[in-house]
Amino acid sequence: MKKFLIVIITVLGILIPLTLSIYFAFIPNLELKGSKNQKVVLNNEYKELGASAENLFGKDNYKIEVQGKVDTNKVGTYKIKYTYKDGLIKKSVVRNVKVIDEESPIITLEGGEEVFVCPNTEYEELGYNATDNYDGDITDKVKITKTDSLIKYTVKDTSSNTTTIERNLKYEDKESPIITLSGNESISLPLGQAYKEPGYSAIDNCDGDLNKEVKVTNNIDVNKVGNYEIKYTVIDKSGNETSITRTVKVYNNKVQIKQGIYKSSMIYLTFDDGPSASITPKVLDILKETGVKATFFVTCKSDSLNYLIKRAHDEGHTIALHTCSHNYSQIYKSETAFFDDLYTISNKVKSITGVESKITRFPGGSSNTVSRQYNSGIMSRLVSQMNEKGFTYFDWNVGSGDAGGASNKNDVYNNVIKGISPTKTNVVLMHDFENNYKTLNALKDIITTCKNAGYTFAAIDSNTPQIAHGVNN
Ligand code: ZN
């Protein structure tokens, strides 16, 4: 009996653990793939690694349910639960996923990290702002600590990422004063007229109003034609200096005669307002036949007449500029309008002849008063700018009257013959506008008479003494 019990116990002692072992060998073990505690950086992807269930025999086709979600756009700790169920058996494991913000806030300083402060003044905060990738605008969380020469700006985001930046203060005035001129930077002054200072002001970032410290120097001689400079200089208390200039142009408002060789018994025939289809070709024929060179002050006409400008140029005449539009109200309204118009005809002539003409004539002449109704004083300014831009303008001292008083070819002939003189440089004003037959028909006689009297004809060039009227506006 005793022996029997020992056998039973022994058998059970072997069977029970064996049964249990076999039983447990069939229950799968649930294990996480990857670590139990995972970190994901904000806005990065969370990769679900899953879990595996396996029994001792490697059976692993258990269905595992995954519960929980990770919001990677939001800082926090998320729990993911993995469960498998098989009949009565149920097992779970949990993974902790932490979404973390590792980015520090950014502080921006208005005015930069180095600031110059006027000596003996207090620094006034120039402003700053702080932004964080997660918290957004956290400017109001910035803490400031300040010494005389250093300001520290510190800010911490909700994940305790901290940023500190510094601003250095330098007590120095680095900025120069600013001088502002009243009136124009360039002033044209008629010969002999006193210069009147239009005024100026000076201001400094640290010293304020420095008007009284401005030193003005000039070497203007109002009795001598020329360009003069007025210099305005001011120095602030820290030694920063500013200097600016104003130009004063003293010009001769009576007569502007270019210095040149005096040429007596010379006649310069000039034809304005062309070319025209009816007159210009025939004028060119007569000039060719008589061997006379002349000057054509052309305006903008139809491109179909360009060949006449080309022909006149090729035959040795001077092509000069009389503005494109010849429209008083347009060209005399401003200096800009005038030169825009002049450069238009200049470019046109250059494109036809290949030569840039520098010889000009004002519509109505430099003495015209018609310009007054469009812009007071414009002729004085145009005359000086014409010279500055390298042009030489020519008026005339012999009128043919062909655009006004002369009613026939005899009038034109008589006006010219009476006007010319052997003791001056004769510049004769005529026109080759459309249908001006009275000039065309007088031309040959004028040339013959003058040649017989010993005159020489020439086209205006850069050596021709300038004939200019006085300016009346
Ligand atoms: Zn004209």
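Below, all heavy atoms of this structure are taken into account, side chains as well, without hydrogens, waters or symmetry copies. We count ligands from 1, going down the list as the structure has it; atoms in each ligand are counted the same way.
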Minimum-distance atom from the Zn ion (ligand 1) among N, O or S atoms of H326
NE2
Can an N, O or S atom be found in H431 less than 2.8 Å away from the Zn ion (ligand 1)?
no
Is any side-chain heavy atom of H317 less than 4.5 Å from a side-chain heavy atom of H313?
no
Could you tell me which N, O or S atom of D273 is nearest to the Zn ion (ligand 1)?
OD1
Any side-chain donor paired with an acceptor under 3.5 Å for N397 and N426?
no
Looking only at side-chain N and O atoms, does T247 offer a donor or acceptor that is under 3.5 Å from a partner on S186?
no
Pairs meeting criterion side chain to side chain donor-acceptor pair (under 3.5 Å) with involvement of residues 445-455, two or more places apart:
Y413-T449
